[in-house]
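One structure is given here, and the rest of the page talks about it.
Note: hydrogens, waters and symmetry copies are ignored here, and every other heavy atom, side chains too, is used. Keep in mind it's a predicted model, so treat the numbers as computed, not measured.
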Amino acid sequence: MRRTAVALVAGALAAGALAGCSSKNQVPSIGYGVDAVIASYNGSSTLGANSGAAAVFSRVLTGFFYTGPDGQPVADTDTGTAKEVPGETQTIQYRLNPEGTYSDGIATSCDDLVLTWAARSGRFTKAGPGGPIPMFDAAGTDGYRDIERVDCQPGSKDATVVFRPGKHYSAWKALFNAAEMMPAHVIATQVKIPNVVTPVQTGDQPTLERMADFWNNGWKLTPGKLDLTVLPSSGPYRIDSFGDKDGLVLVKNEKWWGNQPRTPRIVVWDRHSDLKSKVADKSVGVLDVGAGSLGDVSLGGFHKQNLPGRGVEQLVLATGGVFDSAGARRAFASCVPRQALFDKFGHPDYDVKLGLGAGLLNSRTVQQDSIYYPSIAGAGDKYKGGGDASPAAAGPLANQTVRIGYVKPDERRAAMVAAIAAACKPAGITVIDAGAPDFTAAQLTEGKVDAILGGTAGMPGPSGTLAATDAIAALRTGAGLNFGRFGNGRYDAIADQLAAEDNSGVVLNLLTEQENLLWSEMPSIPLFAGPRTVAFGDGMENGIASPTRAGAGWNMDRWVLKR
C-alpha cells in the first residue's frame with residue numbers, strides 16, 4: 001500500500017470528526033510548531049539525529065521506510081521497494097522508483113544508498129590523535145556496520161545490499177530511512193568527482209576524506225544562510241527559506257512524482273522560535289512539544305491530547321569528571337527521585353494502567369509495552385529514589401556538584417532539575433541547572449556539563465521508535481549518539497546478539513543480562529516514557545499524533561486545515 005493511502009486511511013479514523021468542514025475555506029499555509037532544533041539537513045549525522053531532523057524532514061528527504069505513528073517502520077513505495085532475498089547470506093534488494101527525481105532535476109539513484117552505507121558503516125577511518133577515528137560523524141552504525149557491500153552501478157535505480165557472512169540484522173527496515181538518505185550527487189558536485197560509488201568501492205582515501213568533510217559539515221543549517229543548491233528534496237516538500245523571523249518554510253516540490261501535498265506550504269517553528277507566542281498569535285496550526293514544556297500555554301482553538309511517547313525521558317550521564325566511576329553514577333541515581341518525578345511530571349492528564357506510560361520506566365532500550373518488559377524491569381526497582389539521602393550514602397559524590405544541561409526554554413525540565421536538586425541536597429550533592437537556549441548534547445562530551453536531561457539519546461524534542469535503534473546506539477561504544485562516551489564490550493556484544501536473535505528464551509536471557517549490566521554501570525538514568533502534547537487546530541483533517549522521533553509531521557503532506 002502506498003504511504004499516502006496509509007495516511008489517508010489513518011486520517012479518516014483519527015480525524016473523521018473534523019472532516020465535516022467542507023463549507024469552510026482551506027488554509028494555504030500551516031504552521032507546525034515542534035520542539036526539535038533545526039540544525040542539520042542530514043538526519044544520519046550525529047547533529048541531525050540528535051536535533052530532530054526526522055521530525056522536520058521526513059517528507060522532504062524520503063527513504064524506503066518512514067517511522068509510523070506507533071513507532072514502526074512503514075514502507076514508502078513512492079521512494080521504491082525493498083525486499084529480503086532468501087538465502088544463507090542476508091541480502092536485501094532495493095529498487096528505486098523509476099520516476100524518482102530530486103527537486104533539482106537529478107534522478108534518485110543507488111548512489112544515495114552507497115553514500116548512506118559508507119557514512120554509517122564505521123568502515124572508513126582516518127588518523128586521529130589516539131589512533132584511527134571514523135571519517136563520518138554518523139549518529140550510529142547499527143545494521144550498516146554488518147553490511148559487507150552495496151552492489152550498485154553509478155546512476156542505477158537498483159542496489160543489492162549484502163550482509164557479512166554470519167551476520168543478520170532483524171531490524172533491516174530501519175535502514176535507508178526517511179530523513180537519513182542524503183543526495184549523493186550533491187557531494188559528487190561539491191567534491192568535484194563523477195560519482196560517490198567509485199571512491200567508496202576503491203577505498204580512495206583522499207577523496208573519501210573530502211566526501212566525509214562535506215557530509216559532516218555541508219548540510220548544517222543556519223537561519224538566513226542557506227545554499228539551496230545543496231538542499232534538493234526527494235519528497236513532496238522542499239526547503240524554500242529559513243530565517244529567525246519567518247521560520248523554516250517548506251513548499252511544494254514541483255518535481256515530486258507521488259500524490260501531491262494537500263497543503264502547498266508548511267512553516268516549521270522549532271524550539272528556538274518562542275513557540276508560546278507563535279501559538280498565541282495563531283502562527284501555529286499544529287503543535288508537537290514535550291508535555292508541560294511551554295508552561296501554561298493556552299490551546300483554545302485546538303484539539304489537544306497528551307500521550308506517552310516512544311522516547312525515554314532520561315538523564316544521560318558523563319563517564320568522566322564527577323561521574324568517572326560507576327559508583328558515583330549509582331550514587332547519583334540513588335538520590336534522583338525517580339518515582340516522585342514520574343508522579344508529578346510523567347503522566348500529565350492521563351493515567352495508563354498497563355504498557356507505555358504506566359509507571360516508572362526501568363529500561364533504556366526496552367519499552368513498557370514489550371512482552372519482555374515485565375520480566376526484565378526489576379533491576380531498576382532499587383533506584384526509585386527517596387532512600388538514604390545522607391552524605392555517607394553519596395559516597396564519591398559527597399560535596400560534589402552535578403551540572404544538568406538541557407535546551408531552554410523548557411518549563412517542565414527546569415522544574416524537574418529543581419526537584420532533583422532538592423532531593424540530592426541532603427546527601428551533600430549540589431545540582432546546578434545548566435540549561436541554556438544554545439545547549440547541545442556535545443557539551444556533555446566536552447565536559448561542560450555532567451548530565452543531559454532529554455529524550456532518547458539526549459534528544460531535546462521528539463524521539464524514539466519501536467525498534468529503539470537510537471536508544472541502542474546511544475549506549476554503544478564509539479557511536480555518535482553516545483554523548484556520555486560509555487563503553488562496555490559486553491553491552492556491545494549483547495546488542496549484536498539481540499539484533500539477530502529470534503528465539504524468545506535467548507532474547508529474554510540477553511535482555512535480563514543487559515538490564516543488570518546497565519543498572520550496575522549506570523550510563524544513564526531512565527525516568528519515564530516522555531510525555532508529549534500534540535495539538536491540531538480546529539478544522540484540521542488528517543492530523544495524526546505520532547509520539548515518536550518523526551513527530552506529528554510524519555504525514556504533513558496529507559494535512560488540510562479549513563477555517
Side-chain angles (χ1 to χ4, degrees), residues 35-37 39-40 45-53 130 133-134 137-140 216 220 271-272 290 311-333 335-336 341 364-365 396-397 400-410 413-414 416-417 420-421 424 429-464 470-488 491 518 521-527 530 549:
D35 57 353
V37 176
S40 175
S45 69
T46 299
L47 177 64
N50 175 260
S51 57
I133 59 172
D137 184 16
N216 294 337
K220 292 179 179 177
R271 183 182 284 270
H272 291 146
V312 180
E313 186 73 5
Q314 62 187 309
L315 288 156
V316 181
L317 307 183
T319 51
V322 296
F323 287 139
D324 64 353
S325 72
R329 299 192 293 272
R330 288 194 299 269
F332 187 56
C335 81
V336 171
L341 291 173
R364 300 145 184 87
T365 60
L397 267 193
Q400 296 287 341
T401 297
V402 174
R403 301 159 296 173
I404 300 179
Y406 59 96
V407 180
K408 283 188 171 180
D410 193 319
R413 285 176 177 153
M416 289 174 66
V417 173
I420 294 168
C424 293
I429 301 169
T430 301
V431 172
I432 299 292
D433 185 329
D438 60 352
F439 177 79
T440 64
Q443 292 178 30
L444 182 68
T445 310
E446 296 161 358
K448 295 176 180 176
V449 297
D450 307 297
I452 299 170
L453 179 56
T456 295
M459 296 181 189
S463 68
D470 291 334
I472 294 163
L475 298 165
R476 186 182 286 281
T477 306
L481 291 176
N482 184 351
F483 296 104
R485 294 300 182 254
F486 171 69
N488 184 282
Y491 169 83
L518 292 173
E521 293 295 318
M522 206 68 74
S524 57
I525 305 171
L527 302 172
R549 69 176 181 179

Problem set entry | Pairwise side-chain contact, Ile420 with Phe332, heavy-atom cut-off 4.5 Å (strictly under) | yes
Seminar exercise, completed: Tightest non-hydrogen contact, residues Ala53 and Ser40, listed as CB-O, 3.9 Å
Problem set entry | Exercise: identify the closest heavy-atom pair between Ala36 and Pro462 | N-CD, 4.0 Å
Exercise. Just by distance, do the side chain of Glu313 and the backbone of Pro526 share a donor-acceptor pair under 3.5 Å?
Worked result: no
Problem set entry | Cys424 versus Val336, closest heavy-atom pair with distance | SG-N, 4.1 Å
Seminar exercise, completed: Heavy atoms of Thr456 and Val312 approach each other most closely as OG1-N, 2.9 Å
For this session: Indicate yes or no: at least one non-hydrogen side-chain atom of Val431 is less than 4.5 angstrom from one of Val417.
Result: yes
Exercise. Given side chains that start at C-beta, do those of Arg329 and Leu397 come closer than 4.5 Å, heavy atoms only?
Worked result: no
For this session: Would you check if Val37 and Phe439 make a side-chain contact, meaning some heavy-atom pair closer than 4.5 Å?
Result: no
Exercise. Quick check: does any side chain N or O of Asp450 sit under 3.5 Å from a backbone N or O of Arg403, one acting as donor and the other as acceptor?
Worked result: yes
For this session: For the pair Arg364 (side chain) and Ser524 (backbone), establish whether a donor and an acceptor sit closer than 3.5 Å, ignoring hydrogens and angles.
Result: yes
Exercise. Any sub-3.5 Å donor-acceptor pair from Asp137's side-chain atoms to Ser45's backbone N or O?
Worked result: no
Exercise. Is there a donor-acceptor pair under 3.5 Å between the side chain of Arg485 and the backbone N or O of Thr319?
Worked result: no
For this session: Find out whether Ile525 and Leu317 are in side-chain contact, i.e. whether some heavy atom of one side chain is under 4.5 Å from a heavy atom of the other.
Result: yes
Exercise. Which heavy-atom pair separates Ala473 from Asn482 by the least distance, and what is that distance?
Worked result: O-CB, 4.1 Å
For this session: May I ask you to test the Asp470-Met459 pair for a side-chain heavy-atom distance under 4.5 Å?
Result: yes
For this session: Let me know which of Leu315, Ile452, Asp433 forms a side-chain contact (heavy atoms from CB on, under 4.5 Å) with Tyr406.
Result: Asp433
For this session: Please report the closest heavy-atom contact between Phe483 and Ala457, naming both atoms and the distance.
Result: CE1-O, 3.5 Å
Problem set entry | Distance, nearest 0.5 Å, that separates CZ of Phe323 from CG of Leu444 | 9.5 Å
Seminar exercise, completed: Exactly one candidate in Asp410, Thr440, Val407 meets side-chain contact (heavy atoms from CB on, under 4.5 Å) with Pro460; the answer is Val407
